[in-house]
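For reference, the structure is listed below as structure tokens.
What you are looking at is a predicted structure, and each value in this text was computed from that prediction instead of being measured. Proteins come first, then strands; the chains are lettered A, B, ... in the order of their sequence lines, and each starts at number 1.
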There are 2 protein chains.
Amino acid sequence: MKIGLRHIRYFLVLAEDLNFRRASEHLHISQPALTRTIQHLEAELHVTLFDRSQNFVRLTDAGRAFREGGQRVLNGVEATIDLTRRVSIGEAGALRVGYTDFAIADALPELLKQFHQRHPGITVRPHHGVTTAQLQQLRDDKLDIGFVTGPVRQPGFRSRVVQTDRPICIVPEGHRLASRSSVELAELADEDFVHGPTEAWAHFYDYLFPHCRKAGFQPRIVQEAFNSVGILGLVSCGMGITILTESIYDFATGGLVPLPISDIDDVMVTEAVWASENLRLPTQHFVDFLEQSDNH
Amino acid sequence: MKIGLRHIRYFLVLAEDLNFRRASEHLHISQPALTRTIQHLEAELHVTLFDRSQNFVRLTDAGRAFREGGQRVLNGVEATIDLTRRVSIGEAGALRVGYTDFAIADALPELLKQFHQRHPGITVRPHHGVTTAQLQQLRDDKLDIGFVTGPVRQPGFRSRVVQTDRPICIVPEGHRLASRSSVELAELADEDFVHGPTEAWAHFYDYLFPHCRKAGFQPRIVQEAFNSVGILGLVSCGMGITILTESIYDFATGGLVPLPISDIDDVMVTEAVWASENLRLPTQHFVDFLEQSDNH
DNA sequence: TTTTCATGATACCTTTTATGCATCAGAAAC
DNA sequence: GTTTCTGATGCATAAAAGGTATCATGAAAA
């Protein structure tokens, strides 16, 4: 016969009462049932847990050790059951959130903070990644929500704009354009550009390159960095200029000059994306939260 | 019906295999028995733990939460059973050790270190206390072993000498005796003394006062401190002189002068004391350890 | 398509385990 | 003494767990 939670429950009550009859009453069972359960427990452990006589019952040292461990076990069971129930109704759980440099620099922190206030039991697990990587992770069910550079128009996904950015040109101090208050795209045609890897940053280029094309040039990318911090670093080293967003520029450490681009009218959007069906409960809560956020 | 460890064990195996038939084989039970156990578990929790179809079985989010908690619970049960067994054979446990200032200043640290090497599963819980307090705690079963100022000749206790100290006189720098290389007791007759409270330090006075009486005086105690550090502090402040042991003097911070007392021949003993019967296993191990330490 | 195969669920019966009742034996209180 | 506690034991019953046979369903094979 194996030890079960029943043995531990009975044992703990007896260890509290130190009296078989009273303990059996607290347990709503007969005294012989309790006696035998404790006997079985001791036989299974090969350990005497109680010193008993007709006058008194008291714990042995081993009994005290078992009481501590047994109490922890029962607490663990209760906590596990409670957590499981909470997860099943979406009150607890984990939400895997992807984000780009653009998202984390502006809308995301406040959004996650508000979501946590509304659903404190749901743990947000942030995963940094470029748009293309996030979309793939969403397809592979590695991510619940992505914050990506939009617009996303893929079958099987829904999305919602959470942030818009005006692109700005960023040049190092001392650059020939550094003293200007704004620039036109065409003026950048002969500049060296620092940007991210072509495939990874595809969605950003989808937004930027058409504007350049209209202005009559294709940006000459001379250096690639793996994220926006790296890009700004290379720009401040004088390796070239770049076009990013204002919120990204706010993270720069110095040595850089931001220039509005006068002839770009539209904005770059950052969207929350999620699968259109079979949503996990935390994901559903986040989607609901996003839609409520919009409506006021 | 209540959730038991059986439900958790079966659940964990199924969560691993994700196949009722294979899991039932691993558990050495029939497939219907497993199916029903999982059904009962889910009914008791009011939670669906597995998404099942004829093609596949997979965990729900709640199932994943239950798996983590359930694994922890089983590990806890196993650890508790193991610890309980180890305590029952004396391989693990706690030993409550009392000690005086004299004991901790000399023999005790090395003794406890060696004991820990021999019985790494036994946790030593040190309790500082004067001899009288320790003897009372031993009687009240609040302590397993006392390290006290001897000799102890009380019924119901056994003891063993672990340390001997020559008393020395300690005077502040600049004292009229500070430049001497040794003193005789009688020379201290008119000095002010700093010592511990009379009742608490009874055992120490039992050793010291007869010597003074033989030298023809009763020490005039003008200041009482609660421990030897306090005594040395008051001495270095010039409140008086004291008589303690060399090992205690080693802890002094400065401003003090030690003087051998030429006409005290016998030593002050520190003994380990323990009850003579009904020893807990860790206590028995410590006693055995002490006797082995003596024999080589 | 039909057939075959593997899956999990159900029905029915057996075995095992847990429980209750009645009672015993020993120590303490009266 | 007698009574009154204590925990332990024997026996019968109830509840839980398990096994065998079988079903329904969907995927893969023929």
inquiry  = Under the rule for salt bridge (Lys or Arg N to Asp or Glu O under 4.0 Å), what residues qualify as partners of B:Arg280, not counting sequence neighbours?
reply    = A:Asp61, B:Asp144
task = Return the value, rounded to whole Å, for the distance between atom CZ of B:Phe56 and atom P of D:dT25.
result = 17 Å
query = What integer distance in Å separates B:Leu18:CG from C:dA6:C1'?
reply = 16 Å
inquiry  = By the 4.0 Å heavy-atom rule, please label A:Phe50 as base, sugar-phosphate, or nothing.
reply    = nothing
inquiry  = Over all strands shown, is B:Gln39 touching base, sugar-phosphate only, or nothing at heavy-atom distances under 4.0 angstrom?
reply    = sugar-phosphate
inquiry  = Nearest whole Å is fine: how far is D:dG7 P from A:Asp51 CG?
reply    = 13 Å
ask   = Under 4.0 Å between a side-chain N or O of B:Asn19 and OP1 or OP2 of C:dG8?
value = yes
key: Within residues 20-29 of chain B: residues closer than 4.0 Å to DNA chain C (heavy atoms)   = B:Phe20, B:Arg21
message = Does a side-chain N or O of A:Thr37 approach OP1 or OP2 of C:dT19 to a distance below 4.0 Å, or not?
response = yes
query = Please give, in whole Å, the distance from C:dA18 P to A:Leu5 CG?
reply = 13 Å
ask   = With under 30° as parallel and over 60° as perpendicular, where do the rings of B:His119 and B:Phe115 fit, or are they tilted in between?
value = tilted
task = With DNA chain C as reference, determine whether A:Pro32 or A:Lys2 sits nearer its 5' end, using the nearest nucleotide of each.
result = A:Lys2
inquiry  = Rounding to an integer number of Å, can you tell me how far B:Leu34 CG sits from D:dG18 P?
reply    = 9 Å
remark   = A:Ser30 has its side chain closest, among C:dG8, C:dG20, D:dA17, to C:dG20
key: Between CG on residue B:Leu27 and CD on residue B:Glu25, distance to nearest 0.5 Å   = 10.0 Å
Candidates C:dA9, D:dA8, C:dC12 - which lies nearest the side chain of B:Arg36 = C:dC12
query = Rounded to whole angstroms, how far apart are CG on A:Asp17 and P on D:dG7?
reply = 10 Å
message = Using whole Å, what does the distance between atom P of nucleotide D:dG7 and atom CG of A:Leu49 come to?
response = 16 Å
ask   = Atom CD of A:Gln31 and atom C1' of D:dG10: how far apart are they, to the nearest Å?
value = 14 Å
inquiry  = Of the options C:dT7, D:dA8, C:dA18, whose atoms approach the side-chain atoms of A:His40 most closely?
reply    = C:dA18
note = Heavy atoms of A:Ala62 and A:Val47 approach each other most closely as CB-CG1, 3.5 Å
query = Ring centres of B:His128 and B:Tyr99 under 6.0 Å apart?
reply = yes
key: Any A:Arg52 side-chain nitrogen or oxygen under 4.0 Å from OP1 or OP2 of D:dT6   = no
query = Hey, are A:Glu271 and A:Arg160 close enough for a salt bridge, meaning a charged N less than 4.0 Å from a carboxylate O?
reply = no
request  = Please work out whether the ring planes of B:Trp201 and B:Phe204 are parallel, tilted or perpendicular, with thresholds of 30° and 60°.
outcome  = perpendicular
